[in-house]
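Here the structure is laid out as structure tokens; the discussion comes afterwards.
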Protein chains: 4
Amino acid sequence: MLDATLALAAEAGPAGLSMEAIARRAGVSKETLYRWWPSKIEVILAAMVEHGQVSIPLPDSGSLPGDLRAFLRSTIDALDGTTALLLRAVAAAAATDQAVADDVRDRFLRTRRAALGTLLDRAVARGEIPDEHTTPLVDFVYGSLWYRLIFGIGRLDHRWADETATAITAITATRQPPERPPLPPLPPD
Amino acid sequence: MLDATLALAAEAGPAGLSMEAIARRAGVSKETLYRWWPSKIEVILAAMVEHGQVSIPLPDSGSLPGDLRAFLRSTIDALDGTTALLLRAVAAAAATDQAVADDVRDRFLRTRRAALGTLLDRAVARGEIPDEHTTPLVDFVYGSLWYRLIFGIGRLDHRWADETATAITAITATRQPPERPPLPPLPPD
Amino acid sequence: MLDATLALAAEAGPAGLSMEAIARRAGVSKETLYRWWPSKIEVILAAMVEHGQVSIPLPDSGSLPGDLRAFLRSTIDALDGTTALLLRAVAAAAATDQAVADDVRDRFLRTRRAALGTLLDRAVARGEIPDEHTTPLVDFVYGSLWYRLIFGIGRLDHRWADETATAITAITATRQPPERPPLPPLPPD
Amino acid sequence: MLDATLALAAEAGPAGLSMEAIARRAGVSKETLYRWWPSKIEVILAAMVEHGQVSIPLPDSGSLPGDLRAFLRSTIDALDGTTALLLRAVAAAAATDQAVADDVRDRFLRTRRAALGTLLDRAVARGEIPDEHTTPLVDFVYGSLWYRLIFGIGRLDHRWADETATAITAITATRQPPERPPLPPLPPD
DNA sequence: ATGTAACCGAGACGGTACGTCGCGTCTTTGT
DNA sequence: ACAAAGACGCGACGTACCGTCTCGGTTACAT
């Protein structure tokens, strides 16, 4: 059934990933599908895990720039065409339904954010970046990725990985920000 | 009709934004809806423009940090609940259908990216950031925004705007990266 | 406009004869169409008159068999492909809507029935058929015609005309029905 | 579902017999309707069979006049108001669409024609009518019926049945047509 | 060896939405 | 003034999925 999901994703794209189509393709009744997974999003997430292109090795080169570059390249390597289409289906479901979004966030994105967080925490420990930047940086990395994936902006290849890693790590150098002028006094919120 | 779309978005969320529902709500026939806009995505984009929460003033404080902070705060200010739901509907449509994604990218995201690009180009001109970082930085900003919006990660408030602006502009300070260790020799692609 | 109706009937058949299509084809607005004729059925009837294949010459050969044969052959001659399709459209409209049926009956069928009635009345005057048979005979002729036309039963050609005329006029010979056995006592109604 | 069809036919007439309306009335989804019958005409035909007013007993009184009268009276008896409206809907569909006409002819009219044909064949065997008249006579009977039904000409009651039977069987008497004058020499076709 | 339960395919079901077509009415625009 | 152009509310078309449900049939285990 997950194989059928993968095949369908590859062939028909996110729009073709209906429960009906998956069941048909798998030679399985819809009932069975629902017996195993409660919803489409669960099927897709399971298929992604099955597809295996998911776990990213945590590099440890000793400094953030190298770690980031390796991490991003691995991430991109795992992002084959089928995975990309599955991710788009996930995004569509999450964007449509808040409950799905919550679920995806807590059960899928969370681990990925944690992995990158670990990398950044090490950099914080090494004094490469300030602690309060870890969350924005995680957002920068995954945000860029999803953003480009969903809207089809540019390619997601090693070049992108390197440029992104470089841009992120430009922050590295700036341990003691030399007398930044105070920001204009905006109201807090 | 666009009013109805806005109202529906606010009440029923992205999932409730069907052409039928919009037509029903607007007291209009589906035919009429399709006569004016060729597809749901166009209706939604039109509704967003109508809603007006769209054009962000380009700040010019003389330095990137202030500009960014102001720009992000304005962006967040424009992102009221209804707009957020509309954007999620847009994301869902784009994620589902590549053609929609292309359309949204070229007709909607483009202008927003250009606006932020202008801000960053000024910063490049002032020597605050290197030119090659502009594209990643645009991705960082809008990527974070969509990412958090779609998956419901945290709040999108002034606090987020400030933190994000700060993290981005941390790059500012790093004009001459002091002796970064050479990256490990990864294969180029 | 009537030309367009004829052309459409010939090309698209009864199903294609919509007011929209006629207007489009005639390069005319629907409004104009409705200004001239109050309904589709009127347009069709008008088109049939325009097409001219409508008036049947009343033969007068001196005896019913010859008259009938000539009349039916003329009728068939007038029934070209386009006319047949128009008649089917008329039948469809009449079958669907009682008001249309009434209209068609009183304004279209009536004159045709009257023509054939005249023929038969002459036969009655000549003593060829009893008076009370005229109405059924008219029904037989036009009934057969419409029946075969609507349901596509067999061909409507001279052969049919002759066979039908012959069958009808077989009644001719039977002036004094020789000792018909009394009918079984059915309840009157 | 067929009950709903019958009820709708009785209440709303041929024009009200839409698939939507039938489904609504039956408390059934359109999908289900289409799952059982491929088209509206099939639903209607099925409803008529369900309604049961369809099978006409073949009388056998020993002579054509009695047989015909009984057959026509039975036919009329079966033609209640609802059946009449359904038949009009059938006629409308057949008149509109040649494919429907073919279908109705081959699957519905055929058996009725065959029944009457049997009656007439017996009469042929008894020497009451010539063989070549059977087809026209069948047309006369059913043609009259549909013709009057569709266009609302007169009543279809026992009186009509008797008059029609009488007119048809007037042919009976004419075994040896006494010296009919030769028909004028019309071109064969 | 047989009874029984679990599971499955198949697909029907009531719904909702899709995008299109035709209806008859109405308004705008231009001649 | 009248006509083209076409927008409008309406309702039906036939199709696709949704998630639920009820069927038989077939395993495979327990008796």
Side-chain angles (χ1 to χ4, degrees), chain A residues 1 8 12 15-43 93 96-97, chain B residues 1 8 12 15-43 93 96-97, chain C residues 1 8 12 14-24 26-43 93 96-97, chain D residues 1 8 12 15-43 93 96-97:
Chain A
M1 271 135 102
L8 251 185
L17 270 184
S18 69
M19 291 298 253
E20 303 254 12
I22 294 171
R24 216 181 300 134
R25 176 67 169 251
V28 139
S29 76
K30 267 196 295 176
E31 184 62 36
T32 303
L33 218 44
Y34 280 105
R35 214 174 283 136
W36 287 47
W37 300 279
S39 68
K40 181 160 67 175
I41 187 68
E42 298 292 341
V43 177
T96 303
D97 185 337
Chain B
M1 270 135 103
L8 252 184
L17 271 183
S18 69
M19 291 299 253
E20 300 251 13
I22 295 172
R24 216 180 300 133
R25 176 66 170 252
V28 139
S29 73
K30 265 197 294 178
E31 183 66 39
T32 301
L33 219 43
Y34 281 105
R35 218 176 276 132
W36 285 53
W37 302 278
S39 66
K40 181 159 64 178
I41 187 67
E42 299 290 342
V43 177
T96 303
D97 185 337
Chain C
M1 271 134 100
L8 252 185
L17 268 185
S18 68
M19 291 298 255
E20 302 253 14
I22 294 171
R24 216 180 301 133
V28 140
S29 76
K30 268 196 295 176
E31 184 63 37
T32 304
L33 218 45
Y34 280 105
R35 213 173 287 134
W36 287 47
W37 299 278
S39 68
K40 180 159 66 174
I41 188 68
E42 299 291 340
V43 178
T96 303
D97 184 337
Chain D
M1 273 138 99
L8 253 185
L17 272 183
S18 70
M19 289 300 252
E20 300 252 12
I22 294 171
R24 215 180 302 132
R25 175 68 170 251
V28 139
S29 73
K30 264 197 294 177
E31 183 68 38
T32 299
L33 219 44
Y34 281 105
R35 220 176 274 133
W36 286 53
W37 301 278
S39 66
K40 181 159 62 178
I41 187 68
E42 299 289 342
V43 178
T96 304
D97 184 337

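Basis for what follows: all heavy atoms, side chains included, without hydrogens, waters or symmetry-related copies. Naming convention: chains lettered A, B, ... in sequence-line order (proteins, then strands); numbering from 1 in each chain.
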Please tabulate the protein-to-nucleotide N/O contacts below 3.5 Å involving nucleotides 28-31 of chain E, giving atom names and distances.
none

key: Euclidean distance, W36(B) CH2 relative to T32(B) OG1, rounded to 0.5 Å   = 9.0 Å

note = Per the under-4.0 Å heavy-atom filter, residues of residues 16-28 of chain D near DNA chain E come out as G27(D), V28(D)

query = Between which nucleotides of DNA chain F, 5' to 3', does chain D make heavy-atom contacts below 4.0 Å?
reply = dA12(F) to dC17(F)

query = Between M19(D) and V43(D), is any pair of side-chain heavy atoms under 4.5 Å apart?
reply = yes

Distance-minimising heavy-atom pair for A93(B) and I41(B) = CB-CD1, 3.9 Å

task = Taking only the side-chain nitrogens and oxygens of T32(A), find out if one of them lies under 4.0 Å from OP1 or OP2 of dG9(E).
result = yes

message = Pick the closest DNA chain E nucleotide for A15(C) and for A15(B) by heavy atoms, then say which residue is nearer the 5' end.
response = A15(B)

Show me the side-chain donor-acceptor pairs of residues 20-27 of chain A shorter than 3.5 Å, one per line, residues at least two apart or across chains.
residue : atom : partner : partner atom : Å
E20(A)  : OE2  : K30(A)  : NZ           : 3.2
R25(A)  : NH1  : E11(A)  : OE1          : 3.0
R25(A)  : NH2  : E11(A)  : OE2          : 2.7

query = Residues from residues 33-42 of chain A sitting under 4.0 Å of DNA chain E, heavy atoms only?
reply = R35(A), W36(A)

note = In whole angstroms, the gap separating P of dC21(E) from NZ of K30(B) amounts to 13 Å

query = What closest approach, in Å, do L33(C) and V28(C) show between heavy atoms, and which atom pair accounts for it?
reply = N-CG1, 4.2 Å

ask   = Which pairs, with at least one residue in residues 33-43 of chain B and sequence neighbours excluded, count as a salt bridge (charged side-chain N to carboxylate O under 4.0 Å, His left out)?
value = E42(B)-R107(B)

